[in-house]
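Below: the structure, in C-alpha coordinates.
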Amino acid sequence: EYPRLVCPGVRRAIRTMLLGEQCQLKVTPEYGYGESGCLEFGIPANAHLSIHITMEDYLERQYIYEMSFAKREFHAVKAKEEGNTLFNKKKDYDGALNEYQSVIDLTEGSSTFPEKERKSLEK
(Lines give C-alpha, C1' and ligand atoms only; values in the text may rest on other atoms or scores of the structure.)
Protein backbone atom coordinates (compact mmCIF):
# COMPACT_ATOMS: atom_id res chain seq x y z
CA GLU A 1 0.00 0.00 0.00
CA TYR A 2 2.96 2.38 0.21
CA PRO A 3 2.51 3.81 -3.31
CA ARG A 4 -0.84 5.22 -2.12
CA LEU A 5 1.00 6.91 0.73
CA VAL A 6 3.37 8.83 -1.51
CA CYS A 7 2.50 12.51 -1.26
CA PRO A 8 1.48 14.51 -4.35
CA GLY A 9 4.72 16.52 -4.36
CA VAL A 10 6.84 13.38 -4.64
CA ARG A 11 4.52 11.90 -7.28
CA ARG A 12 4.97 15.03 -9.40
CA ALA A 13 8.74 15.10 -8.96
CA ILE A 14 9.40 11.47 -9.87
CA ARG A 15 7.47 11.80 -13.12
CA THR A 16 10.25 14.00 -14.46
CA MET A 17 13.28 12.21 -13.01
CA LEU A 18 15.81 10.13 -14.92
CA LEU A 19 17.51 6.96 -13.72
CA GLY A 20 20.31 7.86 -11.29
CA GLU A 21 19.07 11.42 -10.80
CA GLN A 22 18.83 12.89 -7.29
CA CYS A 23 16.82 15.78 -5.96
CA GLN A 24 16.01 17.52 -2.69
CA LEU A 25 12.37 18.54 -2.38
CA LYS A 26 10.93 21.18 -0.10
CA VAL A 27 7.27 20.16 0.14
CA THR A 28 4.55 22.41 1.52
CA PRO A 29 1.52 20.85 3.24
CA GLU A 30 -0.52 21.46 0.08
CA TYR A 31 1.71 19.00 -1.83
CA GLY A 32 2.55 16.90 1.23
CA TYR A 33 0.01 15.28 3.51
CA GLY A 34 -2.12 18.36 4.23
CA GLU A 35 -4.39 18.59 7.23
CA SER A 36 -4.52 14.79 7.62
CA GLY A 37 -0.80 14.18 8.02
CA CYS A 38 0.33 10.57 7.53
CA LEU A 39 0.10 8.31 10.56
CA GLU A 40 1.90 5.46 8.77
CA PHE A 41 5.02 7.64 8.40
CA GLY A 42 4.56 9.62 11.64
CA ILE A 43 4.07 12.89 9.77
CA PRO A 44 1.89 15.42 11.63
CA ALA A 45 -0.83 17.56 10.07
CA ASN A 46 0.29 20.58 8.04
CA ALA A 47 3.93 19.50 8.06
CA HIS A 48 6.51 21.12 5.79
CA LEU A 49 8.73 18.34 4.45
CA SER A 50 12.27 18.07 3.17
CA ILE A 51 12.60 14.91 1.09
CA HIS A 52 15.69 13.53 -0.67
CA ILE A 53 14.99 11.29 -3.66
CA THR A 54 17.35 9.13 -5.69
CA MET A 55 15.83 7.45 -8.74
CA GLU A 56 17.51 4.07 -8.41
CA ASP A 57 15.08 2.07 -10.51
CA TYR A 58 11.63 2.30 -12.00
CA LEU A 59 9.06 0.09 -13.61
CA GLU A 60 8.27 0.63 -17.24
CA ARG A 61 4.95 2.38 -17.27
CA GLN A 62 2.54 2.66 -20.10
CA TYR A 63 1.64 6.28 -20.70
CA ILE A 64 -2.04 7.07 -20.43
CA TYR A 65 -2.26 8.15 -24.07
CA GLU A 66 -0.89 4.73 -25.10
CA MET A 67 -3.55 2.80 -23.15
CA SER A 68 -6.56 1.27 -24.81
CA PHE A 69 -9.95 2.56 -23.79
CA ALA A 70 -10.64 -0.65 -21.83
CA LYS A 71 -7.43 -0.30 -19.84
CA ARG A 72 -8.06 3.39 -19.08
CA GLU A 73 -11.60 2.60 -18.01
CA PHE A 74 -10.42 -0.27 -15.77
CA HIS A 75 -7.86 1.91 -13.98
CA ALA A 76 -10.26 4.86 -13.72
CA VAL A 77 -12.92 2.69 -12.05
CA LYS A 78 -10.34 1.26 -9.62
CA ALA A 79 -9.07 4.75 -8.74
CA LYS A 80 -12.63 6.00 -8.23
CA GLU A 81 -13.44 3.07 -5.92
CA GLU A 82 -10.25 3.62 -3.93
CA GLY A 83 -11.00 7.34 -3.72
CA ASN A 84 -14.49 6.61 -2.40
CA THR A 85 -13.10 4.21 0.21
CA LEU A 86 -10.50 6.74 1.36
CA PHE A 87 -13.07 9.52 1.52
CA ASN A 88 -15.99 7.69 3.12
CA LYS A 89 -14.41 5.07 5.36
CA LYS A 90 -10.93 6.31 6.20
CA LYS A 91 -11.62 10.07 6.11
CA ASP A 92 -8.34 10.42 4.19
CA TYR A 93 -9.41 13.36 2.06
CA ASP A 94 -5.97 14.08 0.61
CA GLY A 95 -5.57 10.44 -0.45
CA ALA A 96 -9.05 10.50 -1.97
CA LEU A 97 -8.18 13.67 -3.88
CA ASN A 98 -5.10 11.96 -5.34
CA GLU A 99 -7.23 9.03 -6.52
CA TYR A 100 -9.85 11.33 -8.04
CA GLN A 101 -7.08 13.23 -9.84
CA SER A 102 -6.00 9.89 -11.33
CA VAL A 103 -9.55 9.42 -12.64
CA ILE A 104 -9.38 12.83 -14.30
CA ASP A 105 -5.98 12.05 -15.80
CA LEU A 106 -7.23 8.72 -17.15
CA THR A 107 -10.39 10.15 -18.68
CA GLU A 108 -8.89 13.32 -20.18
CA GLY A 109 -9.33 13.31 -23.89
CA SER A 110 -12.26 10.92 -23.65
CA SER A 111 -14.09 13.10 -26.18
CA THR A 112 -11.94 11.40 -28.83
CA PHE A 113 -13.35 7.97 -27.91
CA PRO A 114 -16.30 6.51 -29.79
CA GLU A 115 -19.69 7.62 -28.39
CA LYS A 116 -20.47 4.21 -26.81
CA GLU A 117 -17.20 4.27 -24.87
CA ARG A 118 -17.68 7.92 -23.78
CA LYS A 119 -21.11 7.07 -22.35
CA SER A 120 -19.67 4.22 -20.26
CA LEU A 121 -17.20 6.67 -18.68
CA GLU A 122 -20.04 8.93 -17.60
CA LYS A 123 -21.44 6.28 -15.21
Side-chain angles (χ1 to χ4, degrees):
E1 283 293 315
Y2 281 137
R4 182 190 68 73
L5 298 175
V6 175
C7 69
V10 170
R11 285 184 188 199
R12 285 183 176 208
I14 63 175
R15 289 180 185 160
T16 64
M17 293 179 68
L18 302 173
L19 193 61
E21 188 175 359
Q22 296 184 20
C23 72
Q24 185 70 34
L25 299 177
K26 302 289 184 191
V27 182
T28 62
E30 176 185 4
Y31 292 100
Y33 296 98
E35 294 178 3
S36 303
C38 183
L39 292 174
E40 291 88 344
F41 293 147
I43 298 172
N46 298 313
H48 289 259
L49 306 171
S50 178
I51 302 171
H52 180 82
I53 300 173
T54 301
M55 183 62 73
E56 293 180 356
D57 198 5
Y58 58 89
L59 296 174
E60 286 295 325
R61 182 179 156 212
Q62 187 175 26
Y63 290 102
I64 291 171
Y65 66 85
E66 296 174 323
M67 291 181 184
S68 67
F69 169 79
K71 195 168 193 176
R72 287 171 74 170
E73 180 183 37
F74 173 81
H75 288 293
V77 168
K78 289 291 186 189
K80 177 183 158 194
E81 290 170 354
E82 178 65 16
N84 290 345
T85 298
L86 292 170
F87 187 89
N88 294 316
K89 295 182 181 171
K90 298 183 179 180
K91 306 300 182 207
D92 179 358
Y93 305 119
D94 294 324
L97 186 60
N98 284 335
E99 294 300 324
Y100 295 142
Q101 182 61 53
S102 294
V103 173
I104 292 168
D105 293 345
L106 287 159
T107 58
E108 269 184 337
S110 61
S111 62
T112 62
F113 291 136
E115 185 175 344
K116 179 183 172 188
E117 293 175 341
R118 279 199 320 269
K119 289 192 184 285
S120 72
L121 281 175
E122 294 170 2
K123 294 181 195 176

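Small disclaimer: the values here were computed from a predicted structure and weren't measured. We count residues from 1, following the sequence as given.
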Exercise for the section: Using only heavy-atom distances, determine whether the side chains of Y31 and D94 contain a donor-acceptor pair under 3.5 Å. Expected result: no

Problem - Close side-chain approach of V27 and H48, heavy atoms under 4.5 Å - result: no

Handout entry: Cluster link L49 to M17, ILVMFWY, side chain under 4.5 Å
Key = yes

Practice task
Taking all heavy atoms of A76 and all of T107, pick out the closest pair and write down the distance.
Solution key: CB-CG2, 4.2 Å

Handout entry: Sidechain-backbone polar pair: K90 side chain, F87 backbone, donor-acceptor under 3.5 Å
Key = no

Handout entry: Linked, directly or transitively: Y33 and L25 (ILVMFWY side chains, under 4.5 Å)
Key = yes

Problem - ILVMFWY network linking V103 to F74, side-chain heavy atoms under 4.5 angstrom - result: no

Problem - Sidechain-backbone polar pair: Y100 side chain, G83 backbone, donor-acceptor under 3.5 Å - result: yes

Problem - Within 6.0 Å of NZ in K91, more than 12 heavy atoms from elsewhere - result: yes

Exercise for the section: Working to the nearest 0.5 Å, report the span between OG1 of T85 and NZ of K80. Expected result: 11.5 Å

Exercise for the section: Apply the test side chain to side chain contact (heavy atoms under 4.5 Å, CB included) to residues Q22 and I53: give CA-CA distance (whole Å), side-chain angles for both, the deciding distance (0.1 Å), then the verdict. Expected result: CA-CA 6 Å; Q22 296 184 20; I53 300 173; over 6 Å; no

Handout entry: Nearest heavy atoms of N98 and V6, plus distance in Å
Key = ND2-O, 4.3 Å

Completion exercise
Rounding to 0.5 Å, atoms SG (C7) and CD (E30) come to a distance of 12.0 Å

Fill in the blank from the handout: Nearest heavy-atom approach of D105 to R72 is O-NH2, 4.4 Å

Practice task
Please indicate whether L39 has more than 12 foreign heavy atoms, meaning atoms of other residues, nucleotides or ligands, lying under 6.0 Å from its CG.
Solution key: no

Problem - Any side-chain heavy-atom pair of L18 and M55 under 4.5 Å - result: no

Exercise for the section: Identify the heavy atoms of S50 and Q24 that sit nearest to each other, and give their distance. Expected result: OG-NE2, 2.7 Å

Practice task
List the atom of P8, the atom of G32, and the distance in Å for their closest heavy-atom pair.
Solution key: CD-O, 3.2 Å

Fill in the blank from the handout: Here the pair of heavy atoms bringing I43 nearest to A47 is CG2-CB, 3.7 Å

Problem - Spacing of K71 atom NZ and L106 atom CG [to the nearest 0.5 Å] - result: 11.0 Å

